[in-house]
Amino acid sequence: MKTNIKKFGFCMMSAAFILQATSMGASAANGSHSNSSIYEKKIVNIAHRGASGHVPEHTIPAYQLGEQMKGDYIEIDLQMTKDGRLIAMHDEKVDRTTNGTGLVKDLTLAEIKKLDAGSWFNEQYPQLAKEVYEGVKVPTLEEVFKKFGKQANYYIETKSPEVYPGMEEELLQVLEEYKMVDSKGRTKNVLIQSFSKESLMKVHDMNPKLPLVQLYSYKNPATISDEELKSVKEYAIGVGPNFNKVDGQYVKMVRSHDLQFHPYTVNDRADMKKALEWGATGLFTNYPDVFSEVLREYKHDSHNENGNL
């Protein structure tokens, strides 16, 4: 009996050592990014433009509701004003989501602050309309940080960086000013994403400790090679493609390189479940409340399946 106990103890110690070595190896492979909260063993719920399925996108109310609906990250698309200020807006033009017209780059922050960024939502979605959305303003990145502070997580995209020279420098300056990075340049609550590899490389060159995610937009069924994934891993911790063009094999390829997989924009319950079954480590959704429910059900089902093994 004692011999069996000794053998069991030895096996447990060996298993613990192997697990620790594996964990250390994973951290070493990811280098200076290992401080990011993205490396927690947690599937992340990313509120796409805030809880934009319920509230006018990229507004403070959208970000607030995203948090209330258990979104892990506030997603912020950045545009840059004529006077060099970073604002939260998806489009290069203000036309779709405000009562104004024109390009963001041709408007000063003062001009953008005069715009109504909520009434369009009431008109387009009368079943979700609320009087408080009328006259809501376009927030700056600084205003978002002031409102939600360091206790929130931010998934920030450099949008159309080729249109906005100096966008990356301004972003890193704001991150530093609001202490979203520490004295060594590390962060625990910010991810930076972009479709532009050049923009991500620029950020990486300025601060190699910031965790980055390479976005992809596929028009045809998505494929990705080992060589491309090896290249991505040199500067990023994950990839984010459009979900409607990927399949299980694509996800398997990404995960085999120990990269995070965060597809966009997944709003249907069945697709959310499919993404989880394929191995997604998080996803972007306009309905963080729905994904929270799906994730809870998925974990419950997985627990039951494992318990019956």
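Met206 is connected to Leu175 through a chain of hydrophobic side-chain contacts under 4.5 Å among Ile, Leu, Val, Met, Phe, Trp and Tyr, so both are in one cluster. A chain of hydrophobic side-chain contacts below 4.5 Å, direct or via other Ile, Leu, Val, Met, Phe, Trp or Tyr residues, connects Met167 to Val181. Cluster annotation: Val232 is connected to Val251 through the hydrophobic network of ILVMFWY side chains, with a link wherever side-chain heavy atoms come within less than 4.5 Å. Under the 4.5 Å side-chain contact rule for hydrophobic residues, Val55 and Tyr63 do not share a cluster. In terms of hydrophobic clustering, with Ile, Leu, Val, Met, Phe, Trp and Tyr side chains grouped at heavy-atom distances under 4.5 Å, Ile60 and Leu115 are assigned to a common cluster.
Judged by distance alone, the side chain of Tyr298 and the main-chain N or O of Leu276 form a donor-acceptor pair under 3.5 Å. With Asn99 contributing its side chain and Asp116 its backbone, the two residues share a donor-acceptor pair below 3.5 Å. The backbone N or O of Thr108 lies less than 3.5 Å from no partner atom in the side chain of Asp83, so there is not a single donor-acceptor pair. Asp95 contributes a side-chain N or O that, together with a main-chain N or O of Gly102, makes up a donor-acceptor pair within less than 3.5 Å. Checking side-chain atoms of Ser292 against main-chain N and O of Asp289 turns up no donor-acceptor pair under 3.5 Å. Listed for the Asp271 side chain is no donor-acceptor partner under 3.5 Å among the backbone atoms of Val266. In this structure a side-chain-to-backbone donor-acceptor pair under 3.5 Å is present from Thr281 to Phe261. A donor-acceptor pair is defined here as one N or O able to donate and one able to accept, closer than 3.5 Å; no such pair exists between the side chain of Asn242 and the backbone of Asn244. A donor-acceptor pair under 3.5 Å is formed between the side chain of Thr187 and the backbone N or O of Met180.
Residues Gln260 and Pro211 fail the side-chain proximity criterion, which asks for heavy atoms closer than 4.5 Å. Counting only heavy atoms from C-beta outward, the side chains of Glu67 and Gln64 never approach each other to under 4.5 Å. For the pair Thr98 and Met89, the minimum side-chain heavy-atom distance is below 4.5 Å. Between Asn267 and Thr285, the closest side-chain pair of non-hydrogen atoms falls below 4.5 Å. Here the side chains of Val94 and Val104 are in contact, with some heavy-atom distance below 4.5 Å. Glu198 is not listed as a side-chain neighbour of Glu162, based on a closest heavy-atom distance of 4.5 Å or more.
The two residues Asp182 and Lys184 make their nearest non-hydrogen contact at OD1-N, 2.8 Å. Pairing each heavy atom of Met272 with each of Phe291, the nearest pair is SD-CA, 3.6 Å. Residues Pro161 and Ser194 approach most closely at CG-OG, 4.3 Å, considering heavy atoms. Shortest non-hydrogen contact noted between Val190 and Ile192 is CG1-CG1, 4.1 Å. Taking all atoms of both residues into account, the shortest heavy-atom contact from Tyr235 to Leu200 is CE1-CD1, 3.9 Å. Considering all non-hydrogen atoms of both residues, Gly238 and Leu259 come closest at N-CD2, 3.7 Å.
The distance from the CG atom of Leu191 to the NE2 atom of His262 is 7.5 Å, given to the nearest 0.5 Å. Note that OG of Ser160 is 9.0 Å distant from CG of Asp91, once rounded to the nearest 0.5 Å. Rounding to the nearest 0.5 Å gives a distance of 8.5 Å between OG1 of Thr97 and NE2 of His58. A distance of 9.0 Å separates OG1 of Thr140 from CD1 of Ile87, quoted to the nearest 0.5 Å. Taking CD of Glu92 as the start and CG of Asp77 as the end, the distance is 11.5 Å to the nearest 0.5 Å. Atom NZ of Lys299 sits about 12.5 Å away from atom CG of Asp301, to the nearest 0.5 Å.
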Item to check | Audit row: Lys273, Glu297, salt bridge (Lys or Arg N to Asp or Glu O under 4.0 Å) steps and yes/no | outcome: CA-CA 9 Å; Lys273 187 176 180 181; Glu297 293 166 4; over 6 Å; no

Checklist entry - Between Leu210 and Leu172, is a side-chain contact (heavy atoms from CB on, under 4.5 Å) present by the stated rule, with each step listed? => result CA-CA 10 Å; Leu210 287 174; Leu172 266 62; 4.1 Å; yes

Next on the checklist: Please determine whether side-chain contact (heavy atoms from CB on, under 4.5 Å) holds for the pair His90 and Arg96, giving the CA-CA distance in whole Å, both sets of side-chain angles, and the decisive distance to 0.1 Å.
Outcome noted: CA-CA 10 Å; His90 179 271; Arg96 181 177 64 85; 4.0 Å; yes

Checklist entry - Do Tyr218 and Tyr250 pass the side chain to side chain donor-acceptor pair (under 3.5 Å) test, and can you show the C-alpha distance, the side-chain angles, and the key distance before you say yes or no? => result CA-CA 12 Å; Tyr218 295 101; Tyr250 185 101; 2.8 Å; yes

Checklist entry - Would Glu143 and Arg85 count as a salt bridge (Lys or Arg N to Asp or Glu O under 4.0 Å) if you check the C-alpha gap in whole Å, the side-chain angles of each, and the deciding distance to 0.1 Å? => result CA-CA 11 Å; Glu143 287 169 341; Arg85 301 294 295 279; over 6 Å; no

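The local environment of NZ in Lys245 is crowded, with over 12 non-hydrogen atoms from other residues, nucleotides or ligands closer than 6.0 Å. Within 6.0 Å of NZ in Lys113 there are more than 12 heavy atoms belonging to other residues, nucleotides or ligands. Counted within 6.0 Å of CD on Glu131, heavy atoms from surrounding residues, nucleotides or ligands total 12 or fewer; the atom is thus considered open.
Checking Glu228, Lys233, Lys197 one by one against Gln214, the side-chain contact (heavy atoms from CB on, under 4.5 Å) holds for a single residue, Lys197. A side-chain contact (heavy atoms from CB on, under 4.5 Å) with His48 is found for exactly one of Thr265, Ile74, Leu283, namely Thr265.
Side chain to side chain, Gln79 and Tyr164 meet the donor-acceptor criterion of an N or O pair below 3.5 Å. With 3.5 Å as the limit, one finds a donor-acceptor pair spanning the side chains of Ser52 and Asn286. Judged purely by distance below 3.5 Å, without hydrogens or angles, the side chains of Gln193 and Tyr264 never pair a donor atom with an acceptor atom.
Between Tyr154 and Tyr178, the ring centre distance reaches or exceeds 6.0 Å.
The pair Lys202-Glu169 meets the salt-bridge criterion, with a side-chain N (NZ, NE, NH1 or NH2) lying under 4.0 Å from an Asp/Glu carboxylate O.
Taking the six-membered ring for Trp and thresholds of 30 and 60 degrees, Tyr125 and Phe121 have ring planes inclined between 30 and 60 degrees apart.
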